[in-house]
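Contents: one structure, followed by commentary.
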2 protein chains.
Amino acid sequence: MTNASAILAALGDPTRQAILDLLLEGPQPVGELAALLPVSRPAVSQHLKVLKEVGLVVDRQEGTRRVYRVDPTGLAPVRAYLDRFWTQAVVAFAEYAEEQADPPSSTESKEKDR
Amino acid sequence: MTNASAILAALGDPTRQAILDLLLEGPQPVGELAALLPVSRPAVSQHLKVLKEVGLVVDRQEGTRRVYRVDPTGLAPVRAYLDRFWTQAVVAFAEYAEEQADPPSSTESKEKDR
DNA sequence: ACTTACGGTAAGTTATGGCTAACGGTTAGG
DNA sequence: CCTAACCGTTAGCCATAACTTACCGTAAGT
């Protein structure tokens with residue numbers, strides 16, 4: 001499942017975010033991406049390697065060029081992770097709120113509520 | 001809305017991920033977090049500062065201690081961003097697949113399909 | 001008032017990661 | 001077969017950010 005942490009780390013870099021944004025327009029070869037970005041072609045290659053390792057993009061040999069495209073399924077782990085995170089956070093907040101509104105066994109009227 | 005890129009960058013660091021995971025168990029003071037992590041207390045403070053700036057956590061003074069907890073709403077921008085990303089990726093893939101299955105106006109039988 | 005506990009901040013060091021330049025490998029085309 | 005286009009990989013440089021140590025402020029407790 002390519003640990004969600006690794007995917008988040010990959011998504012953390014702004015250049016990789018830019019590459020993914022470009023690939024959202026459609027599949028593109030490496031040279032094309034490099035031409036649209038303020039970094040060199042090898043830099044793009046390295047970023048694509050990272051993105052490929054975590055499963056966010058897939059590549060395809062096309063003649064002498066290598067065309068990359070985003071892999072929709074690659075985002076599944078992050079979505080699942082964030083969903084878990086979301087529900088957990090809500091639960092934690094609910095417990096916290098309840099604990100605030102309904103003090104179980106503490107001095108009841110020590111501090112004013114409003 | 002604290003740009004989604006900034007939140008993703010914050011989520012990229014493994015130590016911050018660990019801190020957030022701990023905070024999912026419930027609100028905790030800084031010292032408690034530092035005791036559970038392989039880094040010093042100031043390091044935790046600095047990470048909490050970053051997490052707070054992007055809106056992923058909120059803090060609350062509690063006596064001499066400062067208790068942090070995750071803010072569920074802080075994740076909303078990332079969820080929105082990833083949702084957009086997801087649908088875009090699916091669209092891009094659909095166009096790509098269609099282009100593969102139904103070559104519009106290219107040399108039709110130049111390469112073998114199967 | 002003094003002390004203790006707790007945590008944010010600053011300064012300095014270290015390490016990680018992104019970038020470029022150079023090289024090599026592969027594919028198509030003449 | 002030779003050349004040109006395209007791209008992955010390596011080595012090395014450099015910037016950033018993660019970490020520690022030290023210091024200072026604040027809030028209780030005695």
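Lettering of chains follows the sequences in order, A, B, ..., and the numbering in each one begins at 1.
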- [ ] Any side-chain hydrogen bond (donor to acceptor under 3.5 Å, both in side chains) involving residues 71-86 of chain B? Give me the pairs, sequence neighbours left out, ordered by first then second residue.
- [x] Arg79(A)-Asp83(B), Asp83(A)-Arg79(B), Asp71(B)-Thr73(B)
Task: Heavy-atom side-chain contact between Asp59(A) and Val67(A) under 4.5 Å - done: no
Task: Nearest-angstrom distance from the residue atom CD of Gln28(B) to C1' of dG7(C) - done: 16 Å
Task: Nucleotide dC6(C), atom C1' - distance to CG of Asp59(B) in whole Å - done: 14 Å
Task: Residues from residues 41-49 of chain A lying under 4.0 Å of DNA chain D - heavy atoms - done: Arg41(A), Pro42(A), Ser45(A), Gln46(A), Lys49(A)
Task: Residues in side chain to side chain donor-acceptor pair (under 3.5 Å) contact with Ser40(B), at least two apart in sequence or another chain - done: none
Task: Side-chain N or O of Tyr68(A) closer than 4.0 Å to phosphate OP1/OP2 of dC6(D) - done: no
Task: From Glu32(A) atom CD to Leu37(A) atom CG, the distance as rounded to the nearest 0.5 Å - done: 10.5 Å
Open item on the list: Give me the atom names and distance for the closest heavy-atom approach of Gly74(B) to Pro77(B).
Closed with: O-CD, 3.4 Å
Open item on the list: Return the CD to CG distance between Gln28(B) and Leu33(B), rounded to the nearest 0.5 Å.
Closed with: 5.0 Å
Open item on the list: Using whole Å, what does the distance between atom P of nucleotide dG25(C) and atom CZ of Arg66(A) come to?
Closed with: 16 Å
Open item on the list: Rounding to an integer number of Å, can you tell me how far Arg65(A) CZ sits from dG29(C) P?
Closed with: 12 Å
Task: Nearest heavy atoms of Ala89(B) and Val70(A), plus distance in Å - done: CB-CG2, 3.7 Å
Open item on the list: Please determine whether residues Leu82(B) and Ile7(A) belong to a single hydrophobic cluster, defined as Ile, Leu, Val, Met, Phe, Trp and Tyr linked transitively by side-chain heavy-atom distances below 4.5 Å.
Closed with: yes
Open item on the list: When you compare the side chain of Val57(B) with that of Arg69(B), does any pair of heavy atoms fall below 4.5 Å?
Closed with: no
Distance-only criterion, 3.5 Å: show the donor-acceptor pairs between side-chain atoms of residues 12-25 of chain A and protein atoms not counting sequence neighbours.
unit_1: Asp13(A); atom_1: OD2; unit_2: Thr15(A); atom_2: N; d: 3.0
unit_1: Asp13(A); atom_1: OD2; unit_2: Arg16(A); atom_2: N; d: 3.1
unit_1: Arg16(A); atom_1: NE; unit_2: Ala10(A); atom_2: O; d: 2.8
unit_1: Arg16(A); atom_1: NH1; unit_2: His47(A); atom_2: ND1; d: 3.1
unit_1: Gln17(A); atom_1: NE2; unit_2: Leu11(A); atom_2: O; d: 2.8

TODO: Pull out every residue in residues 11-26 of chain B that has a heavy atom closer than 4.0 Å to any atom of DNA chain D, ordered by number, or say none.
DONE: Asp13(B), Thr15(B), Arg16(B)
Open item on the list: Just to be sure I understand the geometry, which residues of residues 32-40 of chain A put a non-hydrogen atom under 4.0 Å away from DNA chain C?
Closed with: Val39(A), Ser40(A)
TODO: Would you mind reporting whether Val30(A) and Leu48(A) have side-chain heavy atoms less than 4.5 Å apart?
DONE: yes
